[in-house]
Amino acid sequence: MKDSFFSAEIIINVEFYDVDSMRVVWHGNYIKFMEQARCALLERLNCGYLEMERIKCLFPLTDLRIKYIRSFRYGERVRAVAHLTEYETCFKIRYEFFNADTGELATKAESTQMAVDAETGESQFSTPRVFVERIERIIAEKNQRES
């Protein structure tokens, strides 16, 4: 994808505890699905939450947007794709949620996470250099394999 530096994809089974009384996924659970896809993406970039703790940098959400197109129902499978679209000043991730069996797009979303020094609580206006270098190395390796 052109406007994405790197992507990760997971499959999520819609469980009984994810749905409301109408047997559709409760709207708040899409945020949980986003978190699952975001964790998969960050782990593939070696920038997961345990690594954030290790370098004493937190990445709280600062913005979250969701566009619901169609509902997922109990028993369906969700193909969640997380695309890293920004990483130098913040982590901006775009999400797409498809019905894994039909391929139909059901939901689009975007989240932004900003770096915060874990010890001082101060906002950082750039992603820690160690993460930027890791991400750039992984992107370069991916691009080299694809060419």
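Heads up: numbering here begins at 1 and tracks the sequence.
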At what distance, to the nearest 0.5 angstrom, does NE2 of His83 lie from CD of Glu96?
3.5 Å

Under 3.5 Å, is there a donor-acceptor pair between the side chain of Thr127 and the main chain of Tyr87?
yes

Any Lys/Arg nitrogen of Glu76 or Arg73 sitting under 4.0 Å from an Asp/Glu carboxylate oxygen of the other?
no

In one Ile/Leu/Val/Met/Phe/Trp/Tyr side-chain cluster, 4.5 Å: Ile10, Phe6
yes

Tracing side-chain contacts under 4.5 Å among Ile, Leu, Val, Met, Phe, Trp and Tyr outward from Trp26 reaches none

Does any pair with a residue in residues 92-130 pass ring pair (Phe, Tyr, Trp, His ring centres under 6.0 Å), and if so which ones, sequence neighbours excluded?
none

Should we count CD of Gln144 as having more than 12 external heavy atoms under 6.0 Å?
no

Test item: side-chain donor near acceptor, Arg38 and Ser111, under 3.5 Å
yes

To the nearest 0.5 Å, what is the distance between CD1 on Ile93 and CG on Leu41?
5.0 Å

So, using salt bridge (charged side-chain N to carboxylate O under 4.0 Å, His left out) as the criterion, who are the partners of Glu86 when residues are at least two apart?
none

Run the salt bridge (charged side-chain N to carboxylate O under 4.0 Å, His left out) test against Glu133 and tell me which residues pass, sequence neighbours left out.
Arg129

Contacts of type salt bridge (charged side-chain N to carboxylate O under 4.0 Å, His left out), residue Arg23, not counting sequence neighbours
none

For Val14 versus Phe72, what's the shortest heavy-atom pair and its separation?
CG2-CB, 4.1 Å

I'd like to know if the side chain of Arg70 and the backbone of Ala106 have a donor-acceptor N/O pair within less than 3.5 Å.
no

What ring pair (Phe, Tyr, Trp, His ring centres under 6.0 Å) pairs are there with at least one residue in residues 30-55, not counting sequence neighbours?
Tyr30-Phe33, Tyr30-Tyr68

Give a yes or no on whether a salt bridge exists between Arg79 and Asp101, defined as a side-chain N under 4.0 angstrom from a carboxylate O.
no

Where is the tightest heavy-atom contact between Ile138 and Arg44, given as atom of each residue plus distance?
CD1-O, 3.7 Å

Non-hydrogen atoms of Ala82 and Ala37 that approach each other most closely:
CB-O, 3.7 Å

Once you round to the nearest 0.5 Å, how far does OG of Ser7 lie from CG of Leu84?
8.5 Å

Under a 3.5 Å distance rule, please check whether Ser71 uses its side chain to pair with a backbone N or O of Val24 as donor and acceptor.
no

Is a donor on one side and an acceptor on the other found under 3.5 Å between the side chain of Asn29 and the backbone of Lys32?
no

Provide the closest heavy-atom pair for Glu88 versus Val132 in the form atom of the first, atom of the second, distance.
CA-CG2, 4.3 Å

Are any of the side-chain nitrogens in Lys92 or Asp63 under 4.0 Å away from the carboxylate oxygens of its partner?
no

Give a yes or no on whether a salt bridge exists between Lys67 and Glu110, defined as a side-chain N under 4.0 angstrom from a carboxylate O.
no

Point-to-point distance, once rounded to the nearest 0.5 Å, from CE of Met114 to OG of Ser123:
4.5 Å

Separation of Leu45 CG from Phe91 CZ (nearest 0.5 Å):
7.5 Å

Taking all heavy atoms of Ala118 and all of Leu58, pick out the closest pair and write down the distance.
CB-CG, 3.8 Å

Looking at every heavy atom in both Ser126 and Ala115, which two are closest together, and how far apart are they?
O-CB, 3.9 Å

Is there a donor-acceptor contact under 3.5 Å from the side chain of Gln124 to the main chain of Glu122?
yes

Interatomic distance, NZ@Lys142 vs OG@Ser147, rounded to 0.5 Å, equals 11.0 Å

